[in-house]
Amino acid sequence: MEPTPWDPEGATWVLDADGDLADGSAAVGLDVRNYYKALVAARCLDVRLSRMNLPMFASSAGEEAPLCATALVARDEDWIYPGVRDIAVSLTRGLGPDELARRVMSDGPGRVGQAALRIASPTAALGMHLAIAAGHAHGQRLAGTHAVTFALLGEGTTTAGVFHETLVAAAARDLPLVLVCRSQLWPSGAPAEAGLVGDSVADRARGCGIWERRVDGADPIAVWAATAVAAARARDGKGPSLVEVATTQLIHDPPAHRDPLERLRRHLDRTGQWTSTYQDVIEAEIRGQLDRAFAYGTEVA
Amino acid sequence: MEPTPWDPEGATWVLDADGDLADGSAAVGLDVRNYYKALVAARCLDVRLSRMNLPMFASSAGEEAPLCATALVARDEDWIYPGVRDIAVSLTRGLGPDELARRVMSDGPGRVGQAALRIASPTAALGMHLAIAAGHAHGQRLAGTHAVTFALLGEGTTTAGVFHETLVAAAARDLPLVLVCRSQLWPSGAPAEAGLVGDSVADRARGCGIWERRVDGADPIAVWAATAVAAARARDGKGPSLVEVATTQLIHDPPAHRDPLERLRRHLDRTGQWTSTYQDVIEAEIRGQLDRAFAYGTEVA
Amino acid sequence: MNVTESMSLALADLLRDDPRRVLLGEDVVTGGMLGWSRAAADDEALRPRLVPLPLLPVSLPAHAGGLALAGLRPIVLLSTAFALLEGLAGLREIGLWAGRSGGERTAPVLFVAPCGAGFGLGDESVEALESVLARLHGLQVYSVGRAEDAVARLVGAATFEHAEDPTVLLVPRMVLAAAAPDDASNAGSLAATSRVREGRTLTVFTWGEALEPVLAACDDGALDATVVEIGRLAPLDRDAIVEAARDTGRVAIVHAGSVGHGLGAEIAALVAEHALYYLDAPVLRVGGDDGVHAAADELRSLPAQGRIAAALGELANP
Amino acid sequence: MNVTESMSLALADLLRDDPRRVLLGEDVVTGGMLGWSRAAADDEALRPRLVPLPLLPVSLPAHAGGLALAGLRPIVLLSTAFALLEGLAGLREIGLWAGRSGGERTAPVLFVAPCGAGFGLGDESVEALESVLARLHGLQVYSVGRAEDAVARLVGAATFEHAEDPTVLLVPRMVLAAAAPDDASNAGSLAATSRVREGRTLTVFTWGEALEPVLAACDDGALDATVVEIGRLAPLDRDAIVEAARDTGRVAIVHAGSVGHGLGAEIAALVAEHALYYLDAPVLRVGGDDGVHAAADELRSLPAQGRIAAALGELANP
Ligand SMILES: Cc1ncc(C[n+]2csc(CCOP(=O)(O)OP(=O)(O)O)c2C)c(N)n1
Ligand SMILES: Cc1ncc(C[n+]2csc(CCOP(=O)(O)OP(=O)(O)O)c2C)c(N)n1
Ligand SMILES: [Mg+2]
Ligand SMILES: [Mg+2]
């Protein structure tokens, strides 16, 4: 397939625009249908939240792959430090819709952490969760465990000093830290706040001696594979990594192949794993759960 | 000449260990004898200060080249933001020994700024002077002047978040900012605080899209030449730069060719511009000035 | 027109009045998160003076200080006052420039920052940081209490009426949400304190979003109360505060945010030091609830009007 | 043996007592800038628990908080208390963990920080930041007043005697320079307030390096004064403070650093709120001179004994 102006430069993919898997080994160990269900659930949650007129809420539609992939790759003993827009991590990791709705109504959609699930609360100071995550990974390493700490961020946060100090600490002490960065693509020119300096975020991480991959966020399998490799490295004591995921926000109205759900759906369809009935069933299930949860949440709030 | 284990890797030089100039064009526009005098004065000042048992004072012997070169390259209309150990910048830029001594006695050797000479005061917060310098360069650019802002730092400061934010701001707005970084070499292994991550500081700056050069600090001509090119670029609107200067502190007792004064002395000697009488005269002059200044300063303090 | 819109127009005028002024802030070229730079962005002639930057939480105040040292008059439109905590070390630095030996220079930067409850954000956005800012040297801190004063305070602060020091103007989100009265004046006005109500039984010191509920409580309770708005939070006008306390001998301090170690502590201390012999009752501090407040509970960071009324009533009629 | 050496021995023992403890700090593997980790560095068995890091001014407190969340008990040896200002946003964050919904976790980190005049550094090193730290939620702040208490406070703080919250122990440089008395106890002790002298005419609240000159001034002037050392600066022990103020009716607050918006303001406010009817004289605050102090003038940041004596004398005998 010809790349369109919507496709990122220098980003790895394994699933082409039509959903053909170029490299089957990338999906080894991945339950693709389960992943697809998680992506659909994340999208349904985003749609639900978008309707609620929450203060400062911004849709994550189109950016679900790194959120769901991180939650799927992380093991029970690992910790995840999401950013304020990464609520889908909690849903995929198992925070029940009722509890999730309760927290959204009380704390806001950006403040959904749950110690029991080893999901940390985001911080008020931009990117400060990355520094706490680095310390957490440091503690895991000093304790001699093989646990990994994951932290999520957006490209705008990479200009903050604390992001740099996190890279430095991780590199200096070989920490089992996996940074997953959503780098939004700007079809009509990036604002200054996107912080595009140098060639890419991954490139800057490499400058600090950190292992990195830059993958296409419209390809959920590539995102999962890169995250899985990064986590395996960390678990094996090989140190920190940064997975940069080039994402297209659906609010920009991109062509369908830029939507990670549609891309994975095409793949399932081609491999005989998808029907419209299947789609209806999984959507109905999650929508029903969310509707009940938020209806109740709204009542008690 | 064979490099010794004391010589930095990947750092440019033009003056070899014996003082032979490999590339004459590097020194075009440089008054080498004047530069040598400035280096000698800086060393004499360092020796004077080292004897005074000042709190937290650390000798800069061996690291004078970037300090003197910056002061010589900067024009009157430019501003210089030195770090706390860069007092020689002020001496070379023309802060009189009497005023300098007065300020050392009142504020300490790290806090010698002088607005009239366009030398800023260092900041208490590590590396915060870099952020102010970036803002200053930004103001110069917005005002449409061709003035340049120079800021000095050590490699330890490059791990601080504010260093990163400075690179980002400079790159994002194409600021006329020249960063001059002393990267100390550690003959018997660097401490964690040296912040050696990635290949070099210059490499990390390049990752942010910033023009950089890494030069050998034992070669004063290479240091001057790189700084002059960086300043010319900034003046021409070509944006920010970072000059990384790999320095050897004389407290580590390196071979003589690692001493920038000795290296330049050999060059002057070879080209018939140095005699021991000349040395005695310039040393006597600056020593006399400093002795008088500090004797008086001590009296009034 | 709401307060944000009138401030936006005033900011555009400020740019027109002095070519040294520039606007910094998140999304400043497209109007900014709150819309403060919208009017300037709509005027092609002003657009070059909207200065976009990446997100620089640590260095933004210091960067703005550098712009000022280079001769500009930067106005930094923050998305939240909390950003000043992230850049506090740099803010402290630029406050010190004037006091450094080696030649005095000041850094006339204005930071305009929304603060407090009102947008349903909770957490850090409702944290009252006045006392932290007031502890820094060389900083001027102002606050807006009533919608009709917002533009006058903005203009006064941006013209550095009092001193060419780094200046912070805190604008409560509750005030931003209000309608801008038609009769508001655009002339700058930065009184350190204003006696907005006169009475003989008690003196209430207040500022920010607490001013309106205090006035309402006094009116509703028909209290014979002097209400002093503290417009300048730092440096405090000690003499005016002490005099107003002595006038009635009963002092209450009412403000948003928790009271412990807040700015009200310094006001109470000034009263205890300089007006003690005039006091007929213990000094009273009324603020919001302690602790971090979740988004849904953010109004707990404000002293409710009922609580204010009860407290002032008891102070007036013990 | 000086205080630093005795603290160094105590720190090594603390590592031996609990394998979860680790030491962080600049040059920690070679003893640290002040020598606090020297004894630990001399013991091969402890060396793996000396954790070197690059300079991370923004993120060090947050990083240490992360270590604590992972189950360790980090002790961060700062080279100056001012570093807490550079990392304030992160420090605030780890103080909030316990208060967040979603499951309570605390971050038991101890920061040990030299503060104030004594080393001839001036400027930021002599800035008193207690009131800024006290304004943050969920933080415990302790201070050392006398050399003989240094080790006991350190041990008490490192064992989180009071609460498993992030804790700051401020150690005045004037105290560090003193000799460690032989009879000092190593048992942890973290009293929020200690009445170190009893008297009936006036009550002096003081802490840190001001304690010794206050005691000397009381003795020299033969003042009938109660002296209360505030050992825990945050949270303050309100009841103990109010009771001590009521006992005599004359209150002075003496501390290093400038008084305006300092920690003494909160103490004065508590007295004005809860002990007003017992007061016979205005509350008095005595501190160092205002402003930034150059290295050569750094002692101006301390209240001189003569000035303390004069002020207390006048309060006692008006
Ligand atoms: C100093 C500071 N400025 C602005 C904000 C508001 N803010 C919170 S998240 C965010 C966006 C950061 O961009 P990015 O990391 O790319 O996240 P995304 O684009 O996914 O929202 C901003 C501007 C803040 N929290 N702190
Ligand atoms: C947060 C913080 N930690 C430590 C210090 C003390 N400090 C001041 S300068 C400096 C050295 C920084 O290293 P570098 O920039 O390489 O300078 P140099 O080696 O030339 O002294 C240190 C540790 C500080 N100012 N702030
Ligand atoms: Mg983004
Ligand atoms: Mg260094």
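Only a predicted model underlies this, so the values are computations on that prediction, with no experimental measurement involved. Chain A is the first sequence line, chain B the second, and so forth, proteins listed ahead of strands; every chain is numbered from 1.
- When each of D/V58, D/L53, D/L56 is checked for heavy-atom pairs under 4.5 Å with chain B, D/L53 comes out on top.
- Contacts of D/F82 with chain B are made by side-chain atoms alone, with heavy-atom separations under 4.5 Å and no backbone atom involved.
- For the options B/G108, B/G127, B/A160, heavy-atom pairs under 4.5 Å to chain D are most numerous at B/A160.
- Contact between B/T159 and D/L55 at its shortest, heavy atoms only, is OG1-O, 2.6 Å.
- Here CG of B/L54 is found 11.0 Å from CG of D/L121. Values are rounded to the nearest 0.5 Å.
- Considering all non-hydrogen atoms of both residues, B/S106 and D/A294 come closest at O-CB, 3.3 Å.
- Considering every non-hydrogen atom in both B/G195 and D/P54, the closest pair reads CA-CB, 4.1 Å.
- With a 4.5 angstrom heavy-atom cutoff, D/V29 does not touch chain B via any of its atoms.
- Looking only at distances, no side-chain donor or acceptor of D/E86 sits under 3.5 Å from a matching main-chain atom of B/A125.
- In this structure, D/M33 and B/M56 approach most closely via the heavy-atom pair CE-CE, 3.1 Å.
- The two residues D/G120 and B/P55 make their nearest non-hydrogen contact at O-CG, 3.3 Å.
- Considering every non-hydrogen atom in both D/D123 and B/R111, the closest pair reads OD2-NH1, 2.7 Å.
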